[in-house]
Structures are given as structure tokens and as C-alpha cells.
J.: 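Dropping the structure in here first, questions after.
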Protein chains: 2
Amino acid sequence: MSVAHTGVTPQVHGGPCGDDDCGIREVLDRIGDRWSVLVLVELAKGVRRFRELERAIPGISQRMLTVTTRRLCRDGMVERTAHPTVPPQVEYRLTPMGESLAGAVRALADWSRDHRDAVGEARAKWDAEGGATP
Amino acid sequence: MSVAHTGVTPQVHGGPCGDDDCGIREVLDRIGDRWSVLVLVELAKGVRRFRELERAIPGISQRMLTVTTRRLCRDGMVERTAHPTVPPQVEYRLTPMGESLAGAVRALADWSRDHRDAVGEARAKWDAEGGATP
DNA sequence: CAGAATCCCATTCGATACTG
DNA sequence: CAGTATCGAATGGGATTCTG
């Protein structure tokens, strides 16, 4: 995911796993984009077709839905089944690993809900004070 | 995504919270960037000064460290304490809410570690097959 | 030491149009 | 319906330089 512009080799964080960051960046590089988690969560509700996903996720473009589902497929989170009918019919469903990830994501979502107000307050306070900490 | 330093509200996608995605995007909009989680995790180990963070997080630039710590402060995850000495000395530490978030993040990191190999296999298979699902 | 300020490229993503 | 292809704008963030 995006590292260096120049030819300089990336190697963003030190060694393979120098500290104990290990894993955090990896998962965020996969679902840290704008749409992956939304697709994940929608598919956690059940099997969906392309159009169904598109309608269920307001604001997503066809392109991004295609790109996102394909990435999730590549990573083994989603399984794609195309029925050779006409018009075409394609179903997406979570793999067991995908469901597992969706569960972990849900935990983060719960955290977010629980602390939404507190974050809002913190921001309001910060912005009111102009970014200082007096 | 991080809108701006000013108090401009995000509101990226459609409605306020149509389905039950609620919360997922919000937290990822905060820590989904390249550096936030790394700072979070490093601070979870204890109080750190600016330079200490910089050295502990290979590849981060001064600018991004400044930007990232400030955002975390604004959101109430990190507390900044500047001692008026010379040379200046600034300490960063997690707030209780920041520690709570770090805990949730750690769960995701654990998931990632547990499934790293499986994801690698899935990718290898996908790439070998040229992106099809035969 | 701990930033602030510029510059500027690269990747991401949205909009649009076309296809099997 | 389920994509693919192309283009352009916005954003993220690295390198560098300057300051209190």
C-alpha cells in the first residue's frame, strides 16, 4: 500500500516484526480503506448479490464495490459464486475466515459506539480551546 | 480520512447511520491511517517523549508524528504535557479512553496474527490462478 | 528537543461511459 | 445484472527547511 515515490525501497516499519506492532498494520492495510468493512458487515448479514450490496451501502460506486469485493476475495474473506444465467447472477458470501474477521471488526464497532459521545466532547473541548492544552 | 484541523464535520457517506454499520467507519476514520495505531500501541507501553516515539516507530516522519499525536489528542485518546524547560520536554501518554481503544485494537492485531498464514495462502492461490474462481 | 511551514508526488477514489 | 475502462480531483504523506 503506497510507500515510496522514489525508487527507494519501502520497508516502512523496521524488520519483519521488530516490536509487537505485528499484525495491526497488516489488518488495517486490508480493511482500513473506506469500503471494506462496510462490505464485510453487510455480508455478515447473509449472502448478497452485487446490486444488493451496492444498494445496501450508500455512496459506494460500482467501481469501488468491484475493487473491494475482489480484494476481499483475494484475501480469502469472501467467496464469489457466479451462476451462468442470463442476466448474470453473482453471489457473495463470507468465508469462515471472513466471518471471523467480521466478528473482530464488530468489537471495534462496539467500542466506537460506546465512546462516541466522549470523543465528541473531547473534540468540542479541543476545538473550543483552539488546540491548546492549558 | 481526517477532514481538517478545523472543526469541519466529516459526513462522508450518505445518511447519518442508515443501517447498523454505525461506529465502524467512525473508528476507522480515526485510526485507519498509516500511523495512528502504531503511536497508540507504543504509548500503550508507557509515557513517551516526542523523540522517543519517533525512534520507536521506524519510518515515521516528524511531520506525521506531529499530525498524528495532535489528532489523537484532539480525540481525547492522548494527553500531552509540555514542561517549560529548555530544551523543551513534552510527554505523551494515553488517556483512559486511549487505553481502552488500544485494547480493542490489540484484539484486531491478535486476529491478524492468527490468520496471517491463511491470508497468505489465499492470496498465493488467487494470484496463481490469475484471479479466477474455477 | 519539539515542532511549524512548504513543496510536491502518488495513491485513492468518484464520476462517467461502455460491454457481455 | 455485473462488471470493465478511462479520466480527473482530492487527499495523504514524505523530504526538506526553518524556529523558539
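Heavy atoms only: backbone and side chains are in, while hydrogens, waters and symmetry mates are out. Below, chains carry the letters A, B, ... as their sequence lines are ordered, and counting in each starts from 1.
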J.: Can you tell me how far P of C/dC13 sits from CD of A/Glu54, to the nearest Å?
T.: 17 Å
J.: Search all heavy atoms of B/Tyr92 against all heavy atoms of B/Arg80 and return the closest pair with its distance.
T.: CE2-CG, 3.3 Å
J.: Using atom CZ of B/Arg25 as one end and atom P of C/dC13 as the other, report the distance to the nearest whole Å.
T.: 9 Å
J.: Of all heavy-atom pairs between B/Leu108 and A/Leu101, which one has the smallest distance, and what is that distance?
T.: CD2-CD1, 4.3 Å
J.: Holding to salt bridge (Lys or Arg N to Asp or Glu O under 4.0 Å), I want the full list of residues that pass it with B/Asp127, two or more places apart in sequence or in another chain.
T.: A/Arg74
J.: Please report how far the helix from C/dC1-D/dG20 to C/dG20-D/dC1 bends, comparing the axis fitted to its first five pairs with the axis fitted to its last five, to the nearest 10 degrees.
T.: 40°
J.: Between A/Ile31 (CD1) and C/dT12 (P), how many Å, whole number?
T.: 16 Å
J.: Pairs under 3.5 angstrom, nitrogen or oxygen only, protein versus nucleotides 1-5 of chain C, please.
T.:
| residue | atom | partner | partner atom | Å |
| --- | --- | --- | --- | --- |
| C/dC1 | OP2 | B/Arg51 | NE | 3.1 |
| C/dC1 | OP2 | B/Arg51 | NH2 | 3.3 |
| C/dC1 | O3' | B/Arg49 | NH2 | 3.1 |
| C/dA2 | OP1 | B/Arg49 | NE | 3.0 |
| C/dA2 | OP1 | B/Arg49 | NH2 | 3.2 |
| C/dA2 | OP2 | B/Arg51 | N | 2.7 |
| C/dG3 | OP1 | B/Arg80 | NH1 | 2.2 |
| C/dG3 | OP2 | B/Tyr92 | OH | 2.2 |
| C/dA4 | OP1 | B/Arg70 | NH2 | 3.0 |
| C/dA4 | OP2 | B/Arg70 | NH1 | 3.3 |
| C/dA4 | OP2 | B/Arg70 | NH2 | 3.1 |

J.: How close or far is atom P of C/dT12 from atom CG of B/Asp29, stated in whole angstroms?
T.: 17 Å
J.: Show every donor-acceptor pair shorter than 3.5 Å between a side-chain atom in residues 83-90 of chain A and any protein atom, with sequence neighbours excluded, or say none if there are none.
T.:
| residue | atom | partner | partner atom | Å |
| --- | --- | --- | --- | --- |
| A/Thr85 | OG1 | A/Pro87 | O | 2.8 |

J.: For residues B/Trp111 and A/Met97, determine if any side-chain heavy atom of one lies less than 4.5 Å from a side-chain heavy atom of the other.
T.: yes
J.: What I'd like to find out is whether the side chain of B/Val105 reaches to under 4.5 Å of the side chain of A/Ile24, using heavy atoms alone.
T.: yes
J.: Do A/Leu72 and A/Leu40 come within less than 4.5 Å of each other through their side chains, counting heavy atoms only?
T.: yes
J.: Could you tell me how far apart A/Leu65 (CG) and D/dC1 (P) are, to the nearest whole angstrom?
T.: 13 Å
J.: Could you list the residues that satisfy side-chain contact (heavy atoms from CB on, under 4.5 Å) with B/Arg48, not counting sequence neighbours?
T.: B/Glu42, B/Leu43, B/Lys45, B/Glu52, B/Leu53
J.: Could you pull out all residues at least two apart from B/Asp75 that satisfy salt bridge (Lys or Arg N to Asp or Glu O under 4.0 Å)?
T.: A/Arg123, B/Arg30
J.: Would you kindly give the CG-to-C1' distance between A/Leu53 and D/dG3, to the nearest whole Å?
T.: 13 Å
J.: Rounded to whole Å, please give me the gap between CH2 in A/Trp35 and P in C/dC13.
T.: 9 Å
J.: For the pair made of CG in B/Leu28 and P in D/dT11, what is the distance, rounded to whole Å?
T.: 19 Å
